[in-house]
Amino acid sequence: MRGMVVPKDSLGELVSKLSDRYKIFGPKRKGTEWIFGEVESADEMDLRYSTTILPPRKFFLPTSERLFSFRMDGRVEEPEEPDIPALIFGIHSCDLNALLLLDAVFSSGQFPLPSYVKRRERTALVALTCTEVGDHCFCESMGTGPSPAGGYDVLLTDLEGEYLMESGSRRGDEILALARGREASKGDFDRKAEAIERAKSKFKRRVDLRDIDELFLKNLDNPIWERLGEKDLACGLCVNSCPTCFCFDVRDKLDFPMDSGVRYKEWDACVLLEFSQVALGGNFRRDRSARIRQFIGHNLGWGGASQFREFRGKAKCVGCGRCIRYCPAGIDLTEVLKELRGA
Amino acid sequence: MSEVMEIRVDYVARVEGQAEILVKVVGDRVEEAKLAVFEPPRFFEAFMVGRKCGEAHEIASRICGICHVPHQVAALEAVEDGLGIEPDEQTRALRKLLNYANHISSHALSVYFLSVPDYFGKPDVISMASEHPDLVRNAIRLKKVGDDITERFGGRAIHPVTLVVNGFTRIPTKADLEWAKKELLNVKGFAMEGVDFIAGLDVPDFERKCEHIALSQPDQYAINEGRLISTEGLDIPPREYRDHIEETHTDYSWTKRSIVRGRDSFLVGPLARVNLNFDRLSDDAKEAARRSGFKPPVFNPFMAVLARAIELVNAIDDSVSIIENLKLDKGPVREDSFEVKAGEGFAIVEAPRGILYHNYAFDARGIIQKADVVTPTAHNSRNIERDLEALAPKLRDLSPEEAVLMCEMLVRAYDPCISCSVHLLNAK
Amino acid sequence: MRLENPYLAEECVIKGSRRQTPDVYTYAISYPRGSRRLRTPFMPGQFIMISVLGIGEAPFSFSAWDDEKAIFETTIRTVGNVTSAIMRRGEGQRIWVRGPYGRGWPMEEARGKDILIVAGGIGMAPLRPVIEMVARNRRSYGGLEILYGAKTPEDLLFADEFDSWRSIPGAELLLTVDSVPRGTKWDHGVGVVTTLFDKIRTEPNDSIVMMCGPEIMMKFAVKGLLAMGFRPEDIYLSLERRMECGVAQCGHCQIGPKFVCKDGPVFPYSELRGLPDLLA
Amino acid sequence: MKPKLAVVKMTGCAGCQMEVLRIEDKLLDLTGAVEIAYFYMATSANRHGPYDIVLVEGSVSTPRELRELKELRDGAKLLIALGDCACSGCLPSIVNWVPPEESAKVYERFLEIHSRKESFQRVSPLSAHVRVDLELRGCPPNRDAILEALKGALLGIRPFLREHPVCVECKLKENACLLVCEGRPCMGPVTAAGCGAACPSNGRVCEGCYGPMSDANASSLAEIFARRCGLSQEDIVRKFRKYAGLMPAFSKEAGGKI
Ligand SMILES: Cc1cc2nc3c(=O)[nH]c(=O)nc-3n(C[C@H](O)[C@H](O)[C@H](O)COP(=O)(O)OP(=O)(O)OC[C@H]3O[C@@H](n4cnc5c(N)ncnc54)[C@H](O)[C@@H]3O)c2cc1C
Ligand code: SF4
Ligand code: SF4
Ligand code: SF4
């Protein structure tokens with residue numbers, strides 16, 4: 001294992017070197033919250049952020065994306081190659097693992113999505129071990145944090161005053177080569193392990209995943225779904241902030257004067273009424289209770305993970321807690337799970 | 001035997017709202033000269049009672065989809081007056097910028113889309129496009145600049161959303177300001193040419209001296225604040241409005257009509273503003289006006305079209321100087337970040353069509369107990385009829401079509417906003 | 001390596017259309033000979049995504065195909081934007097197609113076994129190629145029993161082919177309708193499709209059921225068949241769900257862990273049992 | 001032959017028509033595809049009906065409008081309600097809760113005028129009287145939606161309009177939620193999208209100007225307003241009795257049917 005230890009105040013220098021090669025995105029303040037946004041220097045970033053409003057999937061599956069454009073005479077044009085190489089700085093372990101799940105949907109299998117694959121290839125990921133734990137986090141239970149086991153180019157761990165930098169790829173080696181610091185020692189890795197242990201002891205939420213698929217399938221008629229359906233606003237905040245939700249719609253849009261147009265996709269959410277609507281007003285999940293059951297069931301139970309055999313996580317959910325943090329109605333999937341278990 | 005001439009326009013086109021014109025001349029006597037509004041009333045002042053004072057401007061905005069910004073500004077100022085809130089420089093500057101944007105959009109629409117086609121014998125601006133492509137394209141651009149500024153600064157082009165009591169929920173960025181300045185300067189040239197172009201139109205030769213009323217401020221062209229002055233010596237603060245101006249009803253129109261107490265009807269709008277505040281116009285506007293032969297005071301109501309063209313130049317210039325002087329040192333405020341208390345407030349704002357009066361009284365919880373709104377078109381409606389009366393005898397020399405057109409052109413020169421005018425409440 | 005954009009469709013031409021019922025037409029569509037994907041062998045029960053540029057895309061089953069002529073047929077009920085745009089496009093006009101996608105009918109598993117087909121309304125469309133395949137490979141399959149129900153006699157698809165279906169050796173066709181308008185001649189059953197169940201001759205052992213129709217019909221049919229001794233793993237249903245992609249990405253067609261587009265649209269009942277949002 | 005388009009005004013503020021005019025850069029393209037046969041605010045060349053595509057701004061508040069609406073409906077292939085006034089009554093629908101005597105006070109000689117120019121002193125959406133083929137919500141509806149509707153009309157399809165909540169657009173713009181993060185009473189969760197989350201993106205709570213979304217859970221939001229934002233019962237009624245209090249989805253929270 002190769003690693004370096006760099007002083008915290010050298011981060012600015014590293015970021016400015018990296019910005020010659022990459023367009024850099026990092027966690028920035030937005031009101032009371034944070035977003036991943038473009039940064040020019042290290043001090044625009046707030047690496048002590050809890051979670052961002054939208055997860056990093058927005059970079060790989062943009063909220064709205066052209067699949068191709070066409071002219072009415074049948075000529076079709078594919079979108080250009082995605083833009084210059086990018087680097088996402090400070091991605092948390094949960095969000096990183098979420099990308100690994102999305103990989104199983106969009107870059108493997110029979111029909112990989114070229115734009116996704118290219119964006120993933122061209123984007124360097126500098127991950128961050130979480131040494132602090134947010135009120136809504138439960139990544140530990142999901143096996144996705146607080147420190148990632150892989151999938152990053154570089155992993156940063158805050159060792160108070162300095163960062164341990166580990167490389168996870170060739171690209172990571174190159175990034176490390178730009179850093180100014182010393183070779184990491186065994187002692188440094190021990191400090192990292194301690195930091196992780198300390199973080200683990202701070203989790204306020206834990207979920208019990210034993211026999212989770214069966215638990216949900218057994219409880220399809222549990223009255224809890226009715227109750228949640230009454231509270232649920234079907235506003236979609238949970239799905240749209242979820243790092244692993246990947247559903248989208250495909251639509252056509254014609255330009256005036258209607259001789260050309262685009263086919264594009266846009267994020268959609270299973271909690272919305274229109275999601276399961278078919279012709280003549282048919283709908284397979286008309287009731288809010290069925291839709292909230294789908295959201296929670298797909299995230300925790302009935303094989304959200306097993307749907308994509310390549311993905312080795314325990315469930316679709318990575319425990320980032322966004323859906324809990326952002327639900328106006330206070331719906332909390334960890335509490336739902338507890339209730340299903342009769343606790 | 002006396003000859004009878006009758007003019008009936010049962011739905012005046014190219015004005016906002018629904019109104020008819022009725023003129024009847026028997027011999028030398030004008031028997032009837034009416035602008036009858038059949039646009040239904042919407043009872044705004046009735047249903048604003050019981051709402052919160054912080055909502056007044058949002059609701060008032062829906063009185064008119066063309067002059068929504070001045071309605072919002074007037075309501076905000078009146079509510080702030082009642083709450084004892086003195087808005088800061090920046091807020092006042094941004095409001096003025098937005099009101100100017102509204103004037104630009106509305107004037108561009110009125111001059112080029114609604115009035116100009118008459119002088120070319122066309123039914124609308126679209127049918128002018130093939131013969132005058134540049135004029136039409138530029139007119140559209142000019143209007144769009146006004147709309148776009150409102151959209152960018154106000155969050156929406158029509159019924160903007162960022163204006164609230166004591167500030168804005170979003171403060172424009174430096175980039176927004178630079179963008180706006182560039183956009184404004186882009187259309188400046190056309191606005192200047194526009195003055196010459198309008199001055200070159202064959203405007204009917206007609207004059208009727210009447211009282212002109214407008215807001216006025218000593219150091220700037222007044223649109224959002226100031227005292228009410230007139231060509232007959234009126235000079236009052238907004239809260240004394242009701243002491244001097246009264247409204248009457250007729251049985252044939254939903255619009256109420258105003259007169260100066262003890263005097264007669266009066267004219268408000270661009271012509272009144274330019275007449276009364278000529279000196280405070282921007283240098284280029286003044287220069288363009290002089291070149292066009294506009295010598296205040298002008299008492300030909302048809303010349304309001306030219307006054308609008310002059311005001312377009314002024315609005316652009318003044319907006320640019322507001323932008324250049326803005327420091328943006330005050331942050332955004334929430335829609336509810338003010339303390340409520342009982343009070344009553346008054347405000348007068350210049351909408352594109354003239355002065356707009358708002359007055360609210362609310363209780364200690366800030367719930368509106370009384371609302372009183374008088375719009376420019378209500379101010380003008382009696383005066384339009386007086387003009388029609390004076391114009392009518394001259395119409396006999398014209399063909400019936402020309403006579404009808406002349407009446408319509410007169411009404412269009414006032415650019416009445418009829419939706420605005422049909423929800424008046426006499427405050428009691 | 002250059003990845004192919006799975007959403008790009010191929011330009012195809014409508015060769016002709018036949019009216020089946022007042023709102024259902026069968027379209028013959030020819031695809032380009034050098035076609036990239038459309039040349040992959042079709043399986044009965046699979047589906048394709050058809051689009052009209054500027055209007056949108058929707059999933060449809062094959063109702064027949066002919067590889068030699070590079071033509072396939074699809075039978076479409078006009079219900080909304082895409083379907084009515086297809087209907088308005090006449091012969092010789094272009095549409096865009098991608099696929100085929102999904103898991104079709106268990107033609108391999110059915111070899112040597114009796115086949116019982118249960119269809120309701122437009123649900124006959126994806127089953128028609130099964131009948132043709134059995135007819136063409138008569139000796140590979142056992143008995144063929146077809147139960148078909150529709151709203152009224154007018155709503156039965158492929159009525160002009162019923163005689164040739166009946167003439168397939170060992171084949172049986174039983175028809176029923178919900179109601180018969182006055183004046184219409186009708187010498188078959190009246191009632192929902194399950195009312196035909198006591199006439200079923202197919203033995204539950206060593207047979208395969210293939211079913212497609214409204215979900216509520218399938219719910220009751222499955223119940224009846226289970227009661228008659230058919231095994232859940234021998235009853236195959238074709239499901240319909242909202243689909244925006246056809247390639248297991250858009251998420252719309254999920255039923256629990258299953259994607260209807262990828263794992264289906266044809267499923268043995270044994271795989272569906274106990275899943276959410278099913279069989280309304 | 002080009003389909004005939006009419007833009008008709010009933011009881012409204014003309015803001016929706018102004019939004020139609022805001023498609024100015026496409027207006028010339030549009031006139032290539034449709035004949036603008038009736039648009040009083042923009043032209044004096046207005047033809048008699050029937051018209052193929054009718055956009056109606058404003059609500060119904062007089063017998064005269066009701067007669068006109070029925071006539072337009074009879075002749076129209078497509079009747080489109082343009083904006084909140086036409087779809088739900090908009091802000092002026094608040095007057096429906098005001099006793100007629102009160103609103104009559106607006107006019108001193110109300111009855112006298114009434115004999116000539118009648119008013120119901122109530123507003124109602126078009127759909128209360130005739131079949132409406134498409135509703136363009138919003139005060140005013142966004143010009144993009146107006147264009148989509150016109151394109152749909154020309155193509156013979158149902159245009160895509162956002163019936164999901166404002167929150168969806170708000171989140172796609174990555175706004176920090178005002179309701180959750182600041183405890184402010186935002187109507188976004190029950191309001192139909194289409195505005196691009198204009199208000200929350202500009203630091204202001206949604207006031208609900210697009211009316212109820214397809215699956216509005218008004219009672220749950222009302223409860224959240226009371227619990228999380230500290231709104232009084234009266235305030236909650238005012239929130240729902242605003243742009244669309246007449247709509248069934250809001251009517252209970254708006255203080256009941258009237
Ligand atoms: C696997 C499969 C096979 C099908 N085979 C046939 C067939 O052979 N013949 C036939 O007539 N119909 C078939 N359908 C149903 C057909 O897809 C719908 O009738 C069609 O999508 C309606 O589209 P529309 O644009 O006309 O309707 P609209 O109501 O205008 O729908 C707009 C959009 O909603 C989506 N949508 C609506 N209904 C459905 C639906 N039922 N399934 C999936 N997406 C939908 C589509 O994306 C469509 O573009 C099949 C559906 C599936 C899932
Ligand atoms: S919906 Fe709004 S913009 Fe349209 S007419 Fe009514 S008040 Fe005006
Ligand atoms: S701010 Fe309002 S619209 Fe936006 S997400 Fe929150 S509740 Fe929804
Ligand atoms: S956010 Fe709400 S109030 Fe604001 S424009 Fe959109 S729908 Fe209207």
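Just so it is clear, the structure is predicted and the values come from calculations on it, not from any experiment. Numbers restart at 1 for each chain; the letters A, B, ... are given by sequence-line order, proteins then strands.
Checking side-chain atoms of E33(A) against main-chain N and O of A176(D) turns up no donor-acceptor pair under 3.5 Å. Between the R228(D) side chain and the P328(A) main chain, a donor and an acceptor come within less than 3.5 Å of each other.
When heavy atoms are compared at a cutoff of 4.5 Å, E148(D) approaches chain A solely by way of its side chain, counted from C-beta outward. For R291(A), the part lying near chain D is the side chain, with the backbone staying farther off; criterion is any non-hydrogen pair under 4.5 Å. Contacts between L179(D) and chain A at a heavy-atom distance below 4.5 Å involve the side chain alone, from C-beta outward. Both the backbone and the side chain of I35(A) come within contact range of chain D, judged by heavy atoms closer than 4.5 Å. The part of R162(D) that comes within reach of chain A is its side chain, from C-beta onward, which places non-hydrogen atoms under 4.5 angstrom from that chain. At a 4.5 Å heavy-atom cutoff, the contact between D232(A) and chain D is made by backbone atoms alone. Looking at E266(A), only its side chain comes within 4.5 Å of chain D, counting heavy atoms on both sides.
More than 12 non-hydrogen atoms from other residues, nucleotides or ligands lie less than 6.0 angstrom from CZ of R71(A). The neighbour count for E77(A) CD, taken as heavy atoms of other residues, nucleotides or ligands under 6.0 Å away, does not exceed 12. Enclosure of atom NZ in K77(D) is not indicated, since only 12 or fewer non-hydrogen atoms of other residues, nucleotides or ligands lie within 6.0 angstrom. Within a 6.0 Å sphere centred on CZ of R48(A), heavy atoms belonging to other residues, nucleotides or ligands number 12 at most.
Considering only heavy atoms from C-beta on, V168(D) stays 4.5 Å or farther from L237(A) through its side chain. Annotation: side chain of L273(A) is not in contact with side chain of E163(D) (no heavy-atom distance under 4.5 Å).
Relative to the six-membered ring of F160(D), K253(A) misses at least one condition, a distance below 6.0 Å or an angle of at most 45° to the axis.
Once rounded to the nearest 0.5 Å, the distance linking CG of L30(D) with CZ of F256(A) reads 4.5 Å. The line from NZ of K173(D) to CG of N240(A) is 14.0 Å long, rounded to the nearest 0.5 Å. The SG atom of C177(D) sits 9.0 Å away from atom CD1 of I53(A), with the distance rounded to the nearest 0.5 Å.
Interface remark: of the candidates R251(A), M258(A), K30(A), R251(A) forms the most heavy-atom pairs closer than 4.5 Å to chain D. Chain A forms more heavy-atom pairs under 4.5 Å with one residue of G203(D), C170(D), C186(D), P165(D) than with any other, namely P165(D). If you tally non-hydrogen atom pairs under 4.5 Å between each of A234(A), S241(A), G236(A) and chain D, the highest count goes to A234(A). Top candidate by heavy-atom pairs under 4.5 Å with chain A, chosen from I23(D), N175(D), V166(D), is N175(D). Comparing K151(D), K171(D), E174(D) by how many heavy-atom pairs each has under 4.5 Å with chain A, the most go to E174(D).
Close approach to chain A, defined as a heavy atom under 4.5 Å from one of its heavy atoms, is seen in M213(D), S214(D), D215(D), A216(D), N217(D), S220(D), L221(D) of residues 205-222 of chain D, taken by number.
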